[in-house]
K.L.:
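Handing you this structure, nothing more for now.
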Amino acid sequence: MTFYAAIVVSALRNDQNKEIEMGVVGILTAGGDCPGLNAVIRGAVCRAVDLGFDVVGIKDGWEGLMNDHTMPLNREIVRGIFGKGGTILGTSRMDPYVHGDGLSTCKPTLSRHGIDRIIVVGGDGTLRSAMRLSNEGLGVIGVPKTIDNDIAGTDITFGFETAVQIATDAIDRLATTAEAHNRVIVVEVMGRTKGWIATHAGIAGGAHYILVPEFEYDIDQVVATLTERHDLGHRYSIVVVGEGISPPAGYEADANKTDAFGFERLGGVAYQVAAAIEDRTNFETRVSVLGHIQRGGTPVASDRVLATRLGVAAADFAAEGQTGIMVAVKGPDIVAVPIEVASEEIRSVPEELYATAKTFFG
Ligand code: F6P
């Protein structure tokens, strides 16, 4: 029997003996929100309650843990939330090591509620802080979350498929208006320093060029490809850019601000790319920065299922006393990996995938 199968069996056993007292598990969502957060919460709460836990919801990410903003969670409260965007717990970009002294700042809340294990749903910045709390002795079960799909140690993150679908729908719409007006439209998608959303949405939306942070580009090559396409009689072009690409030489903008985790706040590089294209081609060029629309609203079905599985598995691992771990996707399985893995170098778009996308440029 695999380790995970053993956990499931023990969960079933506990299900038949609901009087078993498991203690109190906390759950929080931190960092940028992501479609599927509510499905994780519902999955974790329902399974944890079945296993005999009391569950405390910690509001607004680490902020709630530092300042004792909490709410009780039970099956009734999480009923029907799986399809809603956002997070019923709220989130913030506060950090216990930036805005506090780590575990000692969180201890009063933990002891007041008797929380001995905590499920932390967050991206790489959040999981790094979770790892530090774990190293200080807190029982942590991490659940990776980001539309960027770039966290190390897991094959995919929930929210990504939804963001790709939203970006693809936007590209489909932008293509018809671009064609009507004989324009180039540069579509900027999120993803920070990785081009997963750009590559997937670009392939799915039939983009005529895709620029991602992982691979350098030559703006003259972009222009040559678009010119050739327009020379062939095509009236429009769609260029998809990941927000983390460098601007073309000579079009640099002011440095961006940083957030609480020290990450640069990205957005707007499409304007520099568009200016460089228009200057070199005289094609009328417009920009669409998709921004937070990619994170809002209801998750697609595959994200609802993935998020539910991760939430349920997190509660199972909590019951097994498996802490200092991150719940991860490995092929068809949900497994536990050491939480340190989330702090390793984030996952890049592989060359083969980008080569597939390139096949359709022009
Ligand atoms: O990491 C998720 C993400 O949506 C990135 O793609 C984006 O750069 C960033 O968060 C935006 O963060 P904020 O919501 O703080 O503007």
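Since the model is a prediction, treat every value here as computed from it, not as a measurement. Read the numbers this way: they start at 1 and go in the same order the structure lists the ligands and their atoms.
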K.L.:
Please identify each residue that fulfils side chain to side chain donor-acceptor pair (under 3.5 Å) with Thr308, with sequence neighbours left out.
P.N.:
none
K.L.:
Among Ile118, Thr323, Leu127, Ile325, find the one that has a side chain to side chain contact (heavy atoms under 4.5 Å, CB included) with Val140.
P.N.:
Ile118
K.L.:
What atoms of ligand 1 come within less than 4.0 Å of a heavy atom belonging to Arg192?
P.N.:
1 (O), 6 (O), 8 (O), 9 (C), 10 (O)
K.L.:
Starting from atom 16 (O) of ligand 1, which protein heavy atom do you reach first, and at what distance in Å?
P.N.:
His292 NE2, 3.1 Å
K.L.:
With heavy atoms only and a cut-off of under 4.0 Å, state how Ile197 meets ligand 1: side chain, backbone, both or neither.
P.N.:
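The answer is neither; Ile197 stays 4.0 Å or more away.
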K.L.:
Mark the output for Leu266 as yes if a heavy-atom distance to ligand 1 is under 4.0 Å, and as no if none is.
P.N.:
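Per 4.0 Å heavy-atom rule, Leu266 does not contact ligand 1.
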K.L.:
Any N or O on Met190 sitting closer than 3.5 Å to an N or O of ligand 1?
P.N.:
no
K.L.:
Ignoring hydrogens and angles, tell me if any N or O in the side chain of Thr91 forms a donor-acceptor pair with the backbone of Thr29 under 3.5 Å.
P.N.:
yes
K.L.:
Answer with yes or no whether Gly191 contacts ligand 1, where contact means a heavy atom under 4.0 Å from a ligand atom.
P.N.:
yes
K.L.:
Do the side chains of Arg112 and Asp68 get close enough for a salt bridge, i.e. N-O under 4.0 angstrom?
P.N.:
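Counted as a salt bridge, because a side-chain N and a carboxylate O are separated by less than 4.0 Å.
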K.L.:
Report, in ascending order of atom number, the atoms of ligand 1 lying under 4.0 Å from any heavy atom of Glu243.
P.N.:
5 (C), 6 (O), 7 (C), 8 (O)
K.L.:
Going by the closest heavy atom to atom 10 (O) of ligand 1, which one wins out of Lys194, Arg295, Arg265, Lys145?
P.N.:
Arg295
K.L.:
Please determine whether residues Met71 and Phe53 belong to a single hydrophobic cluster, defined as Ile, Leu, Val, Met, Phe, Trp and Tyr linked transitively by side-chain heavy-atom distances below 4.5 Å.
P.N.:
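Linked within one cluster.
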K.L.:
Gln294 near ligand 1, heavy-atom distance under 4.0 Å?
P.N.:
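Per 4.0 Å heavy-atom rule, Gln294 does not contact ligand 1.
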K.L.:
Between Asp50 and Arg75, is there a side-chain N and carboxylate O pair less than 4.0 Å apart?
P.N.:
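Salt bridge present between Asp50 and Arg75.
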